[in-house]
Number of protein chains: 2
Amino acid sequence: MVQKTKKPPSAAKIEAPVAPKRRGRPRAYEPEVALGKALDLFRRDGFAATSLDDLSAATGMNRPSLYGAFGDKRELYIKSYQRYRDDARAAMVDIFRADAPLRERLERIYRIALDIYLSGESGPRGCFTVMTAASEAVSDPDIRAMVLEGLTELDKAFGICFRHAKERGELPDGADPASLAHLASATIHTIAIRARARVPRGELEAIVKGAVDVMCRAK
Amino acid sequence: MVQKTKKPPSAAKIEAPVAPKRRGRPRAYEPEVALGKALDLFRRDGFAATSLDDLSAATGMNRPSLYGAFGDKRELYIKSYQRYRDDARAAMVDIFRADAPLRERLERIYRIALDIYLSGESGPRGCFTVMTAASEAVSDPDIRAMVLEGLTELDKAFGICFRHAKERGELPDGADPASLAHLASATIHTIAIRARARVPRGELEAIVKGAVDVMCRAK
DNA sequence: AGTTTTTTGTACCATTTCGCATTAAATTCC
DNA sequence: GGAATTTAATGCGAAATGGTACAAAAAACT
């Protein structure tokens, strides 16, 4: 939703939006939105507590269609998680790349994070990674690898932020960008957990503000 | 295991260890250890993915006995969680009460936390609160209340630590104990999540060290 | 010994779960 | 119009799940 809007100037319209005239009966669902619904369910209830019937009802697809489109339950879970990470990354990457003062960048990142964790009709939905890490990462190596990847990716992004800020003189010389990055990630994690326990947004914002203060003044 | 060893000098032996001669058939299990086994299972697999058969096998109790002793699955889950919190609190309360320099207290707390999160035969077991918060806290009000209680309890304990340190002059005047306490909790949370993803102890210790450095020097 | 009380152990039930087999529907190509 | 192809819809089935009924077992009390 962020960069893909830029279409190649040549061959303007015959690209993705127009169906390429598939051969058989047309599907009654859109894979993208169906995956979004599945994602919401998995995020709310976790892997084990989400049944195929639930998924079928939420997506509007019956079970055989689910299988045909996404594979079995575990594959659907993994695809949902990938989708979640793609969305989250897309929402944050511009801020991480932007050339703004440290404090402003942090504040914008955390605002996005809060938006992600607190949105949803039936209560806050929290963070898929925390859910996943908590539930499946121990036993499932593939999921664990994704979780690890997500964790280090966030650490790295924050790390670049702080290193950049230090080079610009926004941080004292003694500041350690790596440690600050871990603290910034930790703040993401604590917010995700607290959001799950329905801590109201105001309190979460206060926690964020305090953390940002410490991280920006850090010697 | 910490304070209860001190027995009242009078009526020395006729207390708890000797059974009070119950009337019927004696039980074949010890509730304490059975609850410990159940706790381990729930902690590893979560509520939904842990079946009564699993619990029965792990505790050595058959299902009717489980019901008789602990109630249904949800009650057993809640009792397990209570037990977990009691254990964790017991392991930390002395350190929180102790009169030591800030840095030393923090290091000791995090060492205990790592011991808790990394122990276990089949991989690290992580933190029950993070598991629980992630899985059940949204839908179950009772569990959510327990999670919230645990979160604020930790915040408060750290808060007392930092306020104490500030009064002693271990922190600069500008330091905000509440914010630092939240950062200290956040460090606990990030460690719990990473331990779940099998990040090795050495890396977790490095993260802790960096966080402690920042928190102790915080202006 | 016999009664009472408490726990164990087996077996069962209704429901849910995942996955798939099979048939019906809707579309394109010839 | 008819064949081919892709999807939808129904429903089956084997296994697992949470929970319980019921009888046998093991202890204390009388």
Side-chain angles (χ1 to χ4, degrees), chain A residues 14 16-35 37-39 41-42 44-81 135-136 139-140 142-143, chain B residues 14 16-35 37-39 41-42 44-81 135-136 139-140 142-143:
Chain A
I14 327 178
V18 179
K21 282 219 169 176
R22 304 178 51 88
R23 191 105 193 288
R25 171 171 178 172
R27 19 181 124 155
Y29 59 91
E30 281 185 84
E32 298 292 322
V33 309
L35 191 58
K37 299 286 189 184
L39 160 59
L41 263 197
F42 276 132
R44 197 187 62 193
D45 298 332
F47 177 79
T50 302
S51 73
L52 284 180
D53 281 335
D54 297 335
L55 291 164
S56 181
T59 59
M61 305 163 63
N62 40 35
R63 253 170 309 165
S65 297
L66 272 176
Y67 273 79
F70 304 111
D72 70 357
K73 191 181 172 186
R74 180 173 166 278
E75 284 181 82
L76 177 53
Y77 184 76
I78 290 180
K79 290 195 171 97
S80 298
Y81 185 32
S135 314
E136 314 302 324
S139 47
D140 192 312
D142 295 329
I143 298 178
Chain B
I14 327 179
V18 179
K21 281 219 171 179
R22 303 180 51 88
R23 191 106 192 293
R25 173 172 176 169
R27 18 181 125 152
Y29 59 91
E30 280 186 85
E32 298 292 322
V33 308
L35 190 58
K37 300 286 188 183
L39 159 60
L41 263 197
F42 276 133
R44 197 187 62 192
D45 299 330
F47 177 78
T50 302
S51 73
L52 285 181
D53 280 337
D54 298 335
L55 292 164
S56 182
T59 59
M61 305 164 62
N62 40 33
R63 253 171 305 167
S65 298
L66 272 176
Y67 272 79
F70 304 110
D72 70 358
K73 191 182 172 186
R74 180 172 166 278
E75 285 181 83
L76 177 53
Y77 185 76
I78 290 180
K79 291 195 170 94
S80 298
Y81 186 33
S135 315
E136 316 302 324
S139 47
D140 191 312
D142 295 330
I143 297 178

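Predicted, not measured: the structure shown is a model, and the values here were computed from it. Below, chains carry the letters A, B, ... as their sequence lines are ordered, and counting in each starts from 1.
With the nearest nucleotide of DNA chain C identified for both G24(B) and Y29(B), G24(B) has the one nearer the 5' end.
Between the CD atom of E30(A) and the C1' atom of dT7(D) there is a distance of 16 Å, given to the nearest Å. Computed from coordinates, the D53(A) CG to dG19(C) P distance equals 12 Å when rounded to whole Å. The distance from atom CG of L52(B) to atom C1' of dC13(C) is 15 Å, rounded to the nearest whole Å. Atom CZ in R22(B) sits about 15 Å away from atom C1' in dC29(D), given to the nearest Å. Rounded to whole angstrom, the span from the OH atom of Y77(A) across to the P atom of dC18(C) amounts to 14 Å. Atom CG of L55(B) and atom P of dG18(D) are 8 Å apart (whole Å).
In E75(B), the CD atom is crowded: over 12 heavy atoms of neighbouring residues, nucleotides or ligands sit closer than 6.0 Å.
Put simply, the side chain of M61(A) reaches to within 4.5 Å of the side chain of F70(A), judged on heavy atoms. No side-chain heavy atom of Y29(A) sits less than 4.5 Å from a side-chain heavy atom of K37(A). Counting heavy atoms from C-beta outward, R27(B) and R22(B) have side chains that approach closer than 4.5 Å.
At a non-hydrogen distance threshold of 4.0 Å, R63(B), P64(B), Y67(B), D72(B), K73(B) from residues 57-75 of chain B come into contact with DNA chain D.
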- Which is it for T59(A) and L35(A) under the side chain to side chain contact (heavy atoms under 4.5 Å, CB included) test, yes or no, and what are the steps along the way? CA-CA 8 Å; T59(A) 59; L35(A) 191 58; over 6 Å; no

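Under 3.5 Å, the side chain of R25(A) and the base of dA25(C) form at least one donor-acceptor pair of N or O atoms.
Relative ring orientation between F47(B) and F42(B) is described as parallel, the plane-to-plane angle staying below 30° on a 0-90° scale split at 30° and 60°.
Across all strands shown, T50(B) has heavy atoms under 4.0 Å from sugar-phosphate atoms exclusively, and none from any base. Nucleic acid contact for R27(A): sugar-phosphate only, since backbone atoms but no base atoms lie under 4.0 Å from a heavy atom of the residue.
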